[in-house]
Amino acid sequence: MKMLVVLALALIPLAFAAPASKPNDMGVSWAVLVAGSNGYYNYRHQADICHAYQILHAKPLNNALESMFKNKQYGKLVFYVEACESGSMFAKLLPNNISVFATTASNPTESSYACYWDAKRNTYLGDVYSVEWMEDSDAEDITKETLQQQFLIVQKKTNTSHVEEYGDLSIGQTFFVGQFQGNQSFSERPSGVQELRDVQPVIHEDAFRSEDVRMATLYRKLASAQDGERQKIIDDIGKLTRQQERVLNTFTRIATVAAGSKQLNSVFETRRELTNFNCYEPVVDVIHQRCFSVTQSDYALRHLYTMVNLCEMGIPVESIVSAINEAC
């Protein structure tokens, strides 16, 4: 049986699956929707997934996809990935011949952005890339819009990060969005697909980098707080500031011990491409176990590029792990 699958990812760990309709009798379509991040300030990740229903390791993920393809566990597979540095999940890793098409909120080195601040709920309700592709699916006749057309529209509308595509790009050119998200065609939808030349970037004036969302949320709450609420929020800002300083100091200490103080500029001011996964993955695991939970801190996640740099500089895993143990 041919199976069409769409996955919308925003890190981990909340996941649920739902069957979609069967357009044109092409087989069973499944939507596997994964939201993530802990804490109410990351409410937008769950909100993105709820809308879609109406720290992964990149190399194991791609190995799993190749194994699934070999064992005929899907027909066509589509990813929408909302995360900082989400392009790193697929760049130079995802083959173009295993029937997988992936789009990501950002390239391998940049943040994704939160948007739609809700003063009543004191949280951001969405992320720019996810908002744009879901609003596009709401607005277009998805029985006529190809995945590639949607990608180009979302890429043009998203002005906070570089939306990317990977894998088998022919899927985007030959399959319609409705073959993965359902084939509903409501009377209020336009009869066609908007021309790309008519698409303009959408300005989200309240957009914030994901790693800054927690602090931005506290400052927004402080601005509207009553007198009796202000001190606790000020204390929370101070606590978060100290946590972020600890993260930065920890990575600085690791880099200093592993590479030497003269190499700090190279470690912190460059962005090397990750190729040495055999070094990087165990190093991140040790940081997670010994220092802090990197999956629960966007601020810590955004500093993992320093570990990429250490690995790509040729510093042995043992030396980096020793530095981590000393720093933590």
Side-chain angles (χ1 to χ4, degrees), residues 6-16 31-56 78-90 102-139 147 150-166 177 181 199-220 294-302 304:
V6 58
L7 292 98
L9 299 172
L11 293 177
I12 299 203
L14 178 67
F16 52 92
V32 181
L33 308 175
V34 184
S37 302
N38 71 317
Y40 186 71
Y41 68 94
N42 276 317
Y43 167 88
R44 65 193 188 280
H45 289 160
Q46 283 72 31
D48 287 342
I49 293 306
C50 290
H51 185 179
Y53 183 63
Q54 315 209 324
I55 247 285
L56 290 173
V78 173
F79 281 89
Y80 294 80
V81 186
E82 174 70 65
C84 290
E85 304 176 0
S86 47
S88 64
M89 297 300 297
F90 303 110
T103 77
T104 63
S106 64
N107 66 27
T109 63
E110 64 187 355
S111 295
S112 60
Y113 280 70
C115 66
Y116 285 173
W117 172 257
D118 187 310
K120 180 179 179 180
R121 295 171 177 81
N122 282 323
T123 190
Y124 288 91
L125 300 181
D127 294 281
V128 175
Y129 157 81
S130 294
V131 164
E132 295 304 338
W133 76 255
M134 285 186 282
E135 288 186 349
D136 178 83
S137 292
D138 285 343
L147 290 164
Q150 183 181 73
F151 165 76
L152 292 173
I153 289 171
V154 173
Q155 186 183 53
K156 194 167 182 180
K157 284 187 173 182
T158 304
N159 68 342
T160 51
S161 59
H162 295 85
V163 176
E164 304 286 353
E165 60 182 346
Y166 302 97
V177 175
Q181 296 182 31
V199 177
Q200 298 298 323
V202 177
I203 306 300
H204 293 276
E205 294 182 354
D206 62 351
F208 262 89
R209 295 184 306 174
S210 289
E211 66 266 31
D212 296 330
V213 163
R214 194 169 184 179
M215 188 68 79
T217 297
L218 288 173
Y219 275 105
R220 282 184 175 273
V294 295
T295 59
Q296 296 183 15
S297 170
D298 283 339
Y299 195 76
L301 282 170
R302 286 292 288 162
L304 289 179

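The analysis underlying the following values was restricted to heavy atoms, covering all of them including side chains, and did not include hydrogens, waters or symmetry mates.
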Rounding to 0.5 Å, atoms OH (Tyr299) and CE (Met215) come to a distance of 8.5 Å
Looking at every heavy atom in both Val128 and Ala114, which two are closest together, and how far apart are they?
CG2-O, 4.3 Å
Please walk me through it: do Leu301 and Cys84 pass side chain to side chain contact (heavy atoms under 4.5 Å, CB included)?
CA-CA 8 Å; Leu301 282 170; Cys84 290; over 6 Å; no
Closest heavy-atom pair, Thr160 versus Ala207, reported as atoms and distance to 0.1 Å, is CG2-CB, 4.1 Å
With side chain to side chain contact (heavy atoms under 4.5 Å, CB included) as the criterion, how do Thr123 and Leu125 come out once you've worked through the C-alpha distance, each side chain's angles and the decisive distance to 0.1 Å?
CA-CA 6 Å; Thr123 190; Leu125 300 181; 4.0 Å; yes
Identify the heavy atoms of Arg302 and Ser111 that sit nearest to each other, and give their distance.
NE-OG, 3.1 Å
If I compare all heavy atoms of Ser161 with all of Ala105, which pair ends up nearest, and what's the gap?
OG-O, 2.6 Å
With rounding to the nearest 0.5 Å, note down the distance linking CG in Leu152 to CD in Glu165.
6.5 Å
In terms of relative ring orientation, are Trp117 and Tyr124 parallel, tilted or perpendicular, with 30° and 60° separating the classes?
perpendicular
Sequence-distant partners of Arg220, salt bridge (Lys or Arg N to Asp or Glu O under 4.0 Å), two or more places apart
none
With no hydrogens and no angle check, is any side-chain donor or acceptor of Glu82 less than 3.5 Å from a backbone partner on Ser130?
yes
Calculate, to the nearest 0.5 Å, the distance between atoms CD and CD belonging to Glu85 and Glu211 respectively.
8.5 Å
Note: Val163 and Val154 closest approach over all heavy atoms is CG2-O, 4.3 Å
Check: Ser112/Ser106 side-chain N/O donor and acceptor closer than 3.5 Å:
no
May I ask you to test the Tyr129-Thr103 pair for a side-chain heavy-atom distance under 4.5 Å?
yes
How are the rings of Phe90 and Tyr166 set to each other: parallel, tilted or perpendicular (split at 30° and 60°)?
tilted
Inter-residue atom distance Tyr80.OH - Leu147.CG, 0.5 Å rounding:
5.0 Å
Under 3.5 Å, is there a donor on one side chain and an acceptor on the other for Ser137 and Gln181?
yes
Determine whether a donor-acceptor pair (N or O, by modelled atom type, separation under 3.5 Å) exists between the side chain of Asp206 and the backbone of Tyr116.
yes
Considering residues at least two apart in sequence or located in another chain, which fulfil the salt bridge (Lys or Arg N to Asp or Glu O under 4.0 Å) criterion with Asp118?
Arg121
Value for CD (Glu132) from CD (Gln155), rounded to nearest 0.5 Å, stands at 12.5 Å
Calculate, to the nearest 0.5 Å, the distance between atoms NE2 and CG belonging to His162 and Asn107 respectively.
6.5 Å
